[in-house]
Amino acid sequence: MSTLQSSEKLSPYHIVILVYMTQFGVIIFSLPQLLSKAFGTNGWVMNLIFAIIVIVNMLLIGAAYWMGKGKSIFVILERAMPRIMLYPLYLFLMFVWSVLGCLVAKEYVLIFQMIAFPTTHPMFFKIALDLLVFWLMIQGIYNISKSITMLFYLTIWMLPVVCFFYADFSWSRLTPFFFREGQPSPVEFVNIFASYLGYELILMVFPYTDKKSKLIKSSIIGSLLLAFIYTYLCIITFGFFSLRQLQRMAFPLLDLMAYIKFPFIERVENLFFGAFLFTTVATVVMYLWSAQETALQVFKRANVKLVAGVLVIFAYVIAFIPDTLSDVQHWLGLFAQLEIGIAFILPLLLVVVLAFTKNKKEAAS
Amino acid sequence: MSNSQTESSLPTLAHTLDQFEDCMDLSHREFPNLGVHAVYLNTLISGAKLQNEVFKPLHDLEPDQLTTLFQQSQFEKQTDDKALILGILSGKAAVFAEEQVYLIDVRGAEGRAITNSEIETTITGPHDALTEQVSLSLMLIRARIRSTHLKIVKLSVGEITKNDVYILYIKDIANMDNVQELKQRISDIEIDAVHDTNMLIQLIDDRPYALFPQILTTERPDAVVSKLVAGRVVGIMDGSPSAFSVPSTFYEFFSSSDDYYQRWMLGTATRMLRFFALIVTVSLTALYVSVTTFHYEMIPENLLMTLVESRSRVPFPPLYEALLMEMTIELLREAGARLPTKIGQTIGIVGGIVIGQAAVQAGFTSNILIIAVALSTIASFVIPNYTMSASIRLMRFGFILLAGLWGNLGIAIGITATTIHLCSLISMKASYVTPIAPNQPYEWRDVFIRAPFNLLKKRPTQSRPMNMTRVKPKR
């Protein structure tokens, strides 16, 4: 029912959209270039491989969810070891998530500055974005998921616009060859996988779900939706630009959108990029909300608004350090490595802890 | 208030007269042969009723027949002083006899006749509207719902004014939690006076600081009936021609009774037009400011020439130009709303033609901006609910400022902020943005479109009705 209560659990539909919107971000604009550079011809196929990795990771998270019967990861961890020992882990998670949120926001404002406001300081825009994030994150996960659902509908209308490129799409540009002329490297792999990150934050929504939420199934559907949209957009881009063009463009999808012309408006990439603020807010808010949830474990009696405020200010201050877009992307690559580690190791740790506590219980009984 | 009104005691004539001291409209009539006194406010009663119900029976009476007379049902025995005073204040006559007091309802029905609704006109369908006189309004509703399941509960608000508020619901459809919650909220109001339903809803809504109205008001009895059968709870206040229904959704403010009286395709098209009007109202002027300030590259070459030409003589930046025009339009609207209809038309001519054309010729503003501002203002009037339309017009200024500051990004920031604000709102503890969040796809057919009636089998989940299924049409 639609009554809003603090005990309200997330519905499967909202989880699908929450996961999709958290993962989806401005990296899509450069994804075709990253894929073409790393994997060469038909690099878009790699989206499917990344989707499989995400699903495997999701099943690992699922194992922790099912074994822990939906309990909060903090409850699971604190049952197994003293809280004081967990503080370093909490602080580390807080740090990584708030910096990731800050970098995603900074990347967005830097790209926007580049395409429309070359003379304005990007941190000026970031104030507005961070205020929105603060406003949303203090409202709790249920309202966040409601807002993200609304924002989803405000972005999804852009997908049919891709039909404009059908006429200029050429299968021959895709070539019959797979993964030629690419230079794959672990760093590139991580950079591309960063575009799929965000799904691991479902670790934090365990206590806000119940059996009806079908958390893991819904999250996998959300990720598959993302993989489908990424793949679709990449195929169109690979069939529109040649491989050499793609490898040299910084934001192929943005350039692609610049081709769209209506009788009364053109260069709509500007408008579309504005609409990407919605997905950026969704991603940033989920990272910072996760950091906030972790911070509340360390500072149990702290006021939620105060914690949120401190985190947002911290994220804003940190954002001053990486100055240019390449700096931000470099930092994003580094923090993505840490986040991939968290995405795999944290659920693994939970599974081990749960198995250990279960054995201990059985032995005691 | 004086203590005598708050502390109840047995009613006496002397005390009653004392309470109404210096009230020139109080009448005191004595029947010495019977030892009976009648006290009433002559401004509230109907002379004919008083004559028929009180004076005539008393006139032909012998003293020993008094007891028999007062056994008749219209004589309501009162033992509480406070209730007696309140009864006289509501238009009843108090009859003091043999140390007993009786109240007789002789209220006068003076007031505006039933007329068309001024703010919710429809092309097809019924044209009558609720009136300030609650008995007439209730009559209009009761006449449309011939069921004993329609329940009407009376409450009172205003510490001094003590206005009557009636809560209406259909038993076995409306959720009793909603009824209880509404009763509680109305009982909890502590204020000197409530003058109108639109004021009352601001005292009972969930988020008093919100921009948008969270409770829908209507003047149309047919709309009230449709809300009641959908499981919502309706409130009507004496002295106000508006009724309100709870819980309400944001999208309800974009639907009109006309949608249901026309063919479903027309109803659907009109509803979609209203959502399009919402987009135009909010974004058109803002987009003009954004494009002409920061994103000239978005304008096709042919159009660019026209735009540059029309803006070439304007000495202000687009933001000032747009704010100037928007303010002018708002001034015209407000002046038109406060003036008598005939002068209002003159304002329209003066504003529309003289100011618009003169402003362009004087080089104060561009032609294209005039078109944008006029279109967005017209679009705002397409939204059927006046309160919502006014909230959206106010929001438009925020969008224009943001567009002037950050261009398209500013508009995106405005949309995000509005979305967050909307999603944080609740109406009677239920989500304001149902059926999008929480997602109820079935209900989209009666929100974004108006599906044929045989497809509208379920009641809206937001009102949490006791019975979800409507009676299904045979075809």
Side-chain angles (χ1 to χ4, degrees), chain A residues 1-5 8 10-14 16-17 108-109 112-113 115-117 120 124-125 128-129 131-133 135-140 142-154 258 261-278 280-282 285, chain B residues 175 177-178 181 206 247 249-250 283 287 290-291 294-304 402-403 405-441 443 448 460-465:
Chain A
M1 283 296 156
S2 53
T3 309
L4 187 79
Q5 289 164 356
E8 191 88 41
L10 296 171
S11 75
Y13 183 78
H14 290 302
V16 169
I17 291 178
Y108 177 81
V109 293
F112 204 93
Q113 187 218 16
I115 61 174
F117 294 91
T120 314
F124 188 46
F125 300 128
L129 207 156
L131 280 175
L132 287 176
V133 168
W135 190 16
L136 188 52
M137 69 189 272
I138 56 172
Q139 299 195 17
Y142 189 73
N143 269 348
I144 291 175
S145 90
K146 272 167 69 183
S147 299
I148 288 179
T149 306
M150 289 275 278
L151 294 173
F152 167 76
Y153 289 111
L154 292 172
K261 272 186 184 178
F262 295 101
F264 47 90
I265 206 163
E266 56 187 40
R267 297 288 306 275
V268 285
E269 85 278 10
N270 222 307
L271 210 59
F272 287 177
F273 196 79
F276 266 75
L277 175 79
F278 311 144
T280 309
V281 165
V285 91
Chain B
N175 188 311
D177 289 346
N178 285 339
E181 179 68 27
D206 295 78
T249 70
F250 176 65
S283 62
L287 204 60
S290 160
V291 167
F294 301 105
H295 311 292
Y296 259 110
E297 74 279 5
M298 285 175 70
I299 307 162
E301 204 179 331
N302 300 338
L303 196 61
L304 187 67
L402 283 168
L405 201 60
W406 289 316
N408 290 344
L409 180 66
I411 298 176
I413 287 170
I415 295 171
T416 314
T418 310
T419 307
I420 296 171
H421 180 55
L422 277 175
C423 290
S424 72
L425 295 184
I426 47 176
S427 177
M428 207 48 62
K429 293 186 175 175
S431 172
Y432 190 54
V433 286
T434 317
I436 285 195
N439 185 45
Q440 304 290 350
E443 291 171 36
F448 301 109
T461 49
Q462 194 214 23
S463 51
R464 292 178 293 144

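A quick note: this is a predicted structure, and the numbers were derived from the prediction, not measured. Quick note on labels: first sequence line is chain A, next is B, and so on, each numbered from 1.
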request  = Could you check which of Phe124(A), Phe262(A), Phe273(A) has the highest count of heavy-atom pairs closer than 4.5 Å to chain B?
outcome  =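 The answer is Phe124(A).
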For chain B, the option from Ile148(A), Thr149(A), Thr120(A), Leu136(A) that forms the most heavy-atom pairs under 4.5 Å
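Option with the top pair count is Leu136(A).
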Looking at [atom1] of [X] and [atom2] of [Y], how far apart are the two atoms once the value is rounded to the nearest 0.5 Å?
X         : Y         : atom1 : atom2 : answer
Leu425(B) : Asn143(A) : CG    : CG    : 9.5 Å
Lys146(A) : Ile436(B) : NZ    : CD1   : 11.5 Å
Ile17(A)  : Tyr153(A) : CD1   : OH    : 4.5 Å

Which bit of [X] is near chain B, if near means a heavy-atom gap under 4.5 Å: side chain, backbone, both or neither?
X         : answer
Tyr108(A) : side chain
Glu266(A) : both
Leu154(A) : side chain

For chain A, the option from Pro441(B), Ala412(B), Pro300(B), Ala417(B) that forms the most heavy-atom pairs under 4.5 Å
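Looking at each option in turn, the highest pair count goes to Pro300(B).
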For chain A, which of Val433(B), Thr419(B), Leu303(B), Leu304(B) has the most heavy-atom pairs under 4.5 Å?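 Maximum pair count with chain A is reached by Thr419(B).
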If you define the side chain from C-beta out and look only at heavy atoms, does anything of [X] sit under 4.5 Å from [Y]?
X         : Y         : answer
Tyr432(B) : Leu422(B) : yes
Tyr142(A) : Pro438(B) : yes
His295(B) : Ser290(B) : yes

### Query
Which bit of Leu402(B) comes within less than 4.5 Å of chain A, counting heavy atoms only: side chain, backbone, both or neither?
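Interface part for Leu402(B): neither.
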Applying a strict 4.5 Å limit to non-hydrogen atoms, the region of Ile420(B) in contact with chain A is both
Quiz item: Phe117(A) and Phe125(A): aromatic ring centres closer than 6.0 Å?
Solution: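 Centroid distance Phe117(A)-Phe125(A): below 6.0 Å, so yes.
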